[in-house]
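Have a look at the structure below before the remarks.
All values below come from the heavy atoms of this structure, side chains included, with hydrogens, waters and symmetry mates left out. Order of the sequence lines sets the chain letters (A, B, ...), proteins ahead of strands, with each chain counted from 1. Source: prediction; values computed, not measured.
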There are 2 protein chains.
Amino acid sequence: MPLPLVNFCSVCGAKVALRVPPGDSLPRHVCDACSTVHYRNPLMVVGTIPEWEDRILLCRRAIEPRRGLWTLPAGFMELGETTAQAALRETMEEAKARVELGEVFALLSVPHVDQVHLFYRAALLDAAFAPGEETLEVALFGENEIPWKQIAFRTVSFALRHFFADRKAGTMQFHSGEILPPK
Amino acid sequence: MPLPLVNFCSVCGAKVALRVPPGDSLPRHVCDACSTVHYRNPLMVVGTIPEWEDRILLCRRAIEPRRGLWTLPAGFMELGETTAQAALRETMEEAKARVELGEVFALLSVPHVDQVHLFYRAALLDAAFAPGEETLEVALFGENEIPWKQIAFRTVSFALRHFFADRKAGTMQFHSGEILPPK
């Protein structure tokens, strides 16, 4: 989802100019009619790593990008939410799954798409789940069943890989990192 | 910094309507002329807890909100950045300080202002620092010198409080939480 172009001021409808405002260091879209500066900033994508016994719940995407590939339930954080609320909402929307949230597990910057991805650990409250509108299929996978070659996003692979490694080591901890553009 | 109103489409300049797009669950600003959906999402504020020996660097704000109060160097993440790059840039811009980043220390949701605040631990590379354009004064504070009643933001108090508690306990760890509106 690329950010929409800023040709016009969303407040008053006048054409905007691209220039560095006084006291700023980067060019911004500035409206000379109503003085609004239109900043554009990275977006947060928030989700969960839902556990049921020793298996993890994954969703097969019904929408682009990466339609048909598997992902953790996650999506764009909405206004007025906490990251925890966003994680619970996305897990319900994409997998119709009720979870109890655990700790924040992974924080990943993805600068070439202007996103920051955040995953919480989560425990499924029951084995009831079903595809939401943006999901083709939901299923539980043991570590040896994860479809590694069909994972939709590298942030999801990062979270899953560290999850299984930490579980094996018996020391679950927080991980941060960055995902650089594919070469 | 409240988000600007969306009365007009930033792409084509037509008036927008507020309604729930097909397949969505929340009202969005939709342009019927060019079909753009204008999402609005929370913003990330990223900064550091800069350490020099046993003291912490704080900045006294030269700008609103909370002009004259003390804060950790932090600011809005920019497009194309990682959270780590944003933390380093803000520390340089606000305190003219060069640091080596450590671990992510705190992640706080502030839903009533649509922000998520993130603080890294950081080690000052030398004792050279100076106020940037948005700063009146920069200084190092020992734990007993922190001006607790003059801290600009509750996320900064949260980060500092947990930092000193963890340091005392000898176990620095990642903290997450949320800051609810003042009653």
Side-chain angles (χ1 to χ4, degrees), chain A residues 1 3-16 23-26 29 31 34 36-46 63 76-86 89 93 103-104 107-114 116 118 120 133-134 173-180, chain B residues 1 3-16 23-26 29 31 34 36-46 63 76-86 89 93 103-104 107-114 116 118 120 133-134 173-180:
Chain A
M1 192 181 70
L3 296 172
L5 295 175
V6 183
N7 301 315
F8 297 91
C9 175
S10 68
V11 179
C12 77
K15 279 219 112 186
V16 297
D24 203 337
S25 55
L26 289 175
H29 296 93
C31 177
C34 74
T36 303
V37 180
H38 297 276
Y39 296 94
R40 286 143 62 91
N41 302 86
L43 300 178
M44 287 204 78
V45 171
V46 184
I63 55 170
F76 291 103
M77 190 178 175
E78 299 279 5
L79 295 185
E81 284 184 328
T82 63
T83 53
Q85 289 168 336
R89 177 183 51 72
E93 283 179 13
E103 296 295 307
V104 174
L107 177 80
L108 283 311
S109 295
V110 197
H112 55 288
V113 294
D114 298 312
V116 175
L118 183 71
Y120 282 83
E133 281 210 40
E134 303 186 347
Q173 54 188 339
F174 170 76
H175 299 272
S176 69
E178 52 199 56
I179 302 289
L180 299 178
Chain B
M1 192 181 72
L3 296 172
L5 295 175
V6 184
N7 302 314
F8 297 91
C9 175
S10 69
V11 179
C12 77
K15 278 218 113 188
V16 296
D24 204 337
S25 54
L26 289 175
H29 296 93
C31 177
C34 76
T36 301
V37 181
H38 297 276
Y39 297 94
R40 286 144 63 92
N41 303 86
L43 300 179
M44 287 203 78
V45 171
V46 184
I63 56 170
F76 290 104
M77 190 178 175
E78 299 279 4
L79 295 184
E81 284 184 328
T82 63
T83 53
Q85 288 168 337
R89 178 182 50 73
E93 282 179 13
E103 296 296 305
V104 174
L107 178 80
L108 282 312
S109 295
V110 197
H112 54 290
V113 293
D114 298 312
V116 175
L118 183 71
Y120 283 82
E133 282 211 42
E134 304 185 348
Q173 54 188 340
F174 171 76
H175 299 271
S176 68
E178 52 200 55
I179 302 289
L180 298 178

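Within the 4.5 Å cutoff, the side chain of A:Pro42 has heavy atoms near those of the B:Leu79 side chain. Taking the side chain as every heavy atom from C-beta outward, A:Val116 and B:Val116 never approach each other to under 4.5 Å. Taking 4.5 Å as the limit, some side-chain heavy atom of B:Lys15 sits within range of a side-chain heavy atom of B:Phe8. Between A:His38 and B:Pro4, some side-chain heavy-atom pair lies under the 4.5 Å cut-off.
Here the side chain of B:Ser109 pairs no donor or acceptor atom with the backbone of B:Glu178 at under 3.5 angstrom.
Proximity to chain B is limited to the side chain of A:Leu118, based on heavy atoms less than 4.5 angstrom apart. Heavy atoms of A:Glu81 lying under 4.5 Å from chain B belong exclusively to its backbone. Using a 4.5 Å cut-off between heavy atoms, A:Val110 does not touch chain B at all. Using a 4.5 Å cut-off between heavy atoms, B:Leu180 makes no contact with chain A at all. Interface remark: A:Gln173 contributes no atoms to any contact with chain B (heavy atom separation under 4.5 Å). With a 4.5 Å cut-off on non-hydrogen atoms, A:Thr36 touches chain B through its side chain but not through its backbone. Proximity to chain A is limited to the side chain of B:Leu107, based on heavy atoms less than 4.5 angstrom apart. With a threshold of 4.5 angstrom between heavy atoms, A:Ser176 approaches chain B through side-chain atoms but not through N, CA, C or O.
Of the residues considered (B:Glu103, B:Glu134, B:Arg40), B:Arg40 shows the highest number of contacts with chain A, using heavy-atom pairs under 4.5 Å.
Annotation: the span from A:Leu108 atom CG to A:His175 atom NE2 amounts to 10.5 Å, rounded to 0.5 Å.
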